[in-house]
Amino acid sequence: MKFSTVIRQHGAALRALLILTVITGLAYPVLVWAVAQLPGLNTKANGSIIEVDGKAVGSSLIGQLFTDADGNPLPQYFQSRPSAAGDGYDPLSTSASNLGPEDIVDTADRTSLLTAVCSRSLAVGELDGANGARPFCTGDGVGAVLSVIGPRDAAGNVVNPTRVVSVNQLCENTTTPFLDTYEGVRVQCNDGSDFSQGQIVAIRGAAPADPAVPADAVTASGSGLDPHISPAYAELQVNRVAEARGISADEVRALVADHTEGRGLGFLGEPRVNVLELNLALDSRG
């Protein structure tokens with residue numbers, strides 16, 4: 001191949017590179033940015049930032065905490081759902097816990113998903129004056145789970161248990177397990193001894209199938225950033241917020257209704273309440 005031909009080919013490739021760089025690396029991004037700044041699109045494109053008196057207070061797309069310096073819920077505000085993203089609603093650590101319904105035994109390193117749900121339900125119930133009881137939860141807010149130790153049958157189930165331990169109730173926290181006996185054997189608190197050889201059994205208990213504390217009050221969203229709560233969770237908080245602000249529950253309930261969004265396109269998802277927007281509406285009342 002002649003040297004002049006090589007030069008022409010490389011020159012053509014270089015020109016194509018420069019032209020495509022200008023089109024795809026400069027012109028196209030600028031065009032997309034310009035379109036995104038059109039009225040009706042610019043707010044969402046810029047992060048859906050909510051401002052009060054010219055000061056950014058959050059995004060309508062990202063949840064946030066409404067707690068004091070010690071992490072205690074502020075009674076005058078509606079509370080968001082839990083978050084597993086960093087220390088809470090951290091956009092740089094967006095994630096789920098990736099724990100599933102079989103995660104029911106606490107360890108020395110971490111709390112199980114079941115106990116997290118039980119403790120949150122109890123705390124929400126105490127805060128909002130509701131029954132925080134849930135199936136498979138003890139009265140003191142941990143997972144109602146037993147390790148049943150004894151000989152096993154061919155299917156691997158324990159028969160004639162010799163020892164039963166309430167695995168999530170540490171003896172340092174309670175000496176009274178949630179059950180007195182299981183199949184005739186007295187239930188013991190967890191004294192730290194090895195119970196791994198036992199069969200793990202979750203006890204449903206007498207809690208109603210439809211708990212007073214909604215699921216979104218005790219579980220985090222997949223992103224950990226969900227800014228919404230269900231209307232049921234909002235309703236649970238109405239009386240507490242009204243009392244803390246010295247206004248009627250009907251006034252608070254009307255604001256909740258004003259900030260309840262319907263299903264997308266009329267059929268996608270569930271009705272939801274944006275917590276930040278609702279709390280700002282409450283503050284704007286004066």
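Starting from 1, each residue takes its place in the sequence as its number. Just so you know, these numbers come straight off a predicted model, no measurement behind them.
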> At what distance, to the nearest 0.5 angstrom, does CG of Leu146 lie from CG of Asn190?
Replying inline: 11.5 Å

>> For a quick test of reading the model, state the closest non-hydrogen atom pair linking Ser284 to Ala281 and the distance between them.
In response: OG-O, 2.7 Å

> At what distance, to the nearest 0.5 angstrom, does OG of Ser83 lie from CD1 of Ile62?
Replying inline: 10.5 Å

> Can you tell which of Leu99, Thr219, Val213 makes a side chain to side chain contact (heavy atoms under 4.5 Å, CB included) with Val117?
Replying inline: Thr219

> Say you draw a straight line from CG of Leu65 to CG of Asp87; how long is it, rounded to the nearest 0.5 Å?
Replying inline: 9.0 Å

> Which is it for Phe136 and Ile104 under the side-chain contact (heavy atoms from CB on, under 4.5 Å) test, yes or no, and what are the steps along the way?
Replying inline: CA-CA 9 Å; Phe136 303 103; Ile104 62 177; over 6 Å; no

> Under a 4.5 Å cut-off applied to non-hydrogen side-chain atoms, are Ser147 and Ser196 in contact?
Replying inline: no

> How about Val275 and Val273: do any of their side-chain heavy atoms sit closer than 4.5 Å?
Replying inline: no

>> Would you say CZ of Arg152 has more than 12 non-hydrogen atoms from neighbouring residues, nucleotides or ligands within 6.0 angstrom?
In response: yes

>> Which heavy atom of Pro177 sits nearest to which heavy atom of Ser166, and what is that distance?
In response: CB-CB, 4.2 Å

> Do Gln169 and Val187 come close enough that some side-chain heavy atom pair is under 4.5 Å?
Replying inline: no

> Is any side-chain heavy atom of Ser230 closer than 4.5 Å to a side-chain heavy atom of Arg272?
Replying inline: no

> Do Leu127 and Leu278 share a hydrophobic cluster, counting only Ile, Leu, Val, Met, Phe, Trp and Tyr and linking them when any side-chain heavy atoms are less than 4.5 Å apart?
Replying inline: no

> Sub-3.5 Å donor-acceptor pair from the side chain of Thr94 to the main-chain atoms of Ser223, do we have one?
Replying inline: yes

>> I need the Ser80 OG to Asn279 CG distance, nearest 0.5 Å.
In response: 7.5 Å

> Do Tyr182 and Phe195 sit in the same hydrophobic cluster, where Ile, Leu, Val, Met, Phe, Trp and Tyr count as joined when their side-chain heavy atoms come under 4.5 Å apart?
Replying inline: no

> Taking atom types as modelled and ignoring hydrogens, do the side chains of Thr138 and Asp140 form a donor-acceptor contact shorter than 3.5 angstrom?
Replying inline: yes

> Under a single-linkage definition using a 4.5 Å side-chain heavy-atom cutoff for Ile, Leu, Val, Met, Phe, Trp and Tyr, are Leu114 and Ile203 assigned to the same hydrophobic cluster?
Replying inline: no

>> One pair to check against side-chain contact (heavy atoms from CB on, under 4.5 Å): Leu74 and Asp68. What are the steps and the verdict?
In response: CA-CA 6 Å; Leu74 293 169; Asp68 62 20; 4.0 Å; yes

> What residues, two or more places apart in sequence or in another chain, satisfy side-chain hydrogen bond (donor to acceptor under 3.5 Å, both in side chains) together with Asp103?
Replying inline: Arg110

> Considering all heavy atoms of both residues, which atom of Thr162 and which atom of Gly150 are nearest to each other, and what is their separation?
Replying inline: OG1-CA, 3.9 Å

> If every non-hydrogen atom of Gly224 is compared with every non-hydrogen atom of Ala85, which pair is closest and at what distance?
Replying inline: O-CB, 3.8 Å

> Below 4.5 Å, heavy atoms only, C-beta onward: do Leu225 and Leu61 meet side chain to side chain?
Replying inline: no

> Below 4.0 angstrom, N of the basic side chain to O of the carboxylate: do Glu251 and Arg285 qualify?
Replying inline: yes

> According to a 4.5 Å side-chain heavy-atom criterion applied to Ile, Leu, Val, Met, Phe, Trp and Tyr, with indirect links allowed, do Val148 and Val145 form part of one hydrophobic cluster?
Replying inline: no

> Any donor-acceptor pair under 3.5 Å linking the side chain of Gln76 with the backbone of Leu282?
Replying inline: no

> Nearest 0.5 Å, what's the CG-SG distance between Asn168 and Cys189?
Replying inline: 12.5 Å

> Side-chain donor-acceptor pair under 3.5 Å between Thr111 and Asp106, yes or no?
Replying inline: no

>> Could you report the tightest heavy-atom contact between Ala207 and Pro135, atom names first, then the distance?
In response: CB-N, 3.5 Å

> Is there a donor-acceptor pair closer than 3.5 Å between any side-chain N or O of Asp216 and the backbone N or O of Ile229?
Replying inline: no

> Can you tell me how far CZ of Arg163 sits from CD of Gln188, rounded to the nearest 0.5 angstrom?
Replying inline: 5.0 Å

> Is the shortest heavy-atom distance from the side chain of Glu183 to the side chain of Val185 under 4.5 Å?
Replying inline: no

> Just checking, is any N or O donor in the side chain of Ser193 or Asp191 under 3.5 Å from an acceptor N or O on the other one?
Replying inline: yes

> Got more than 12 heavy atoms from elsewhere within 6.0 Å of CD, Glu102?
Replying inline: no

> If you take all heavy atoms of Cys118 and Val142, which pair is closest and at what distance?
Replying inline: SG-O, 3.6 Å

> Should Arg134 and Val218 be marked as a side-chain contact (heavy atoms from CB on, under 4.5 Å) after you check the CA-CA gap, both sets of side-chain angles, and the distance that decides it?
Replying inline: CA-CA 11 Å; Arg134 305 187 82 80; Val218 297; 4.0 Å; yes

> With sequence neighbours left out, what residues match Phe66 under ring pair (Phe, Tyr, Trp, His ring centres under 6.0 Å)?
Replying inline: Tyr77

>> I'd like to know if the side chain of Asp153 reaches the main chain of Ala155, judged simply by a donor and an acceptor atom lying under 3.5 Å from each other, with no hydrogens or angles considered.
In response: yes

> Do the side chain of Asp70 and the main chain of Asn72 share a donor and acceptor less than 3.5 angstrom apart?
Replying inline: no

> Do Arg240 and Pro73 come close enough that some side-chain heavy atom pair is under 4.5 Å?
Replying inline: no

>> If you apply the rule side-chain contact (heavy atoms from CB on, under 4.5 Å), what do you find for Asn157 with Val159, and how did you get there?
In response: CA-CA 6 Å; Asn157 296 315; Val159 293; 5.5 Å; no

>> Is there a side-chain contact between His228 and Asn274 in this structure, where contact means two heavy atoms from C-beta onward sitting under 4.5 Å apart?
In response: yes

> Does Leu31 share a hydrophobic cluster with Val22, counting links as ILVMFWY side-chain heavy atoms below 4.5 Å and allowing steps through other members?
Replying inline: no

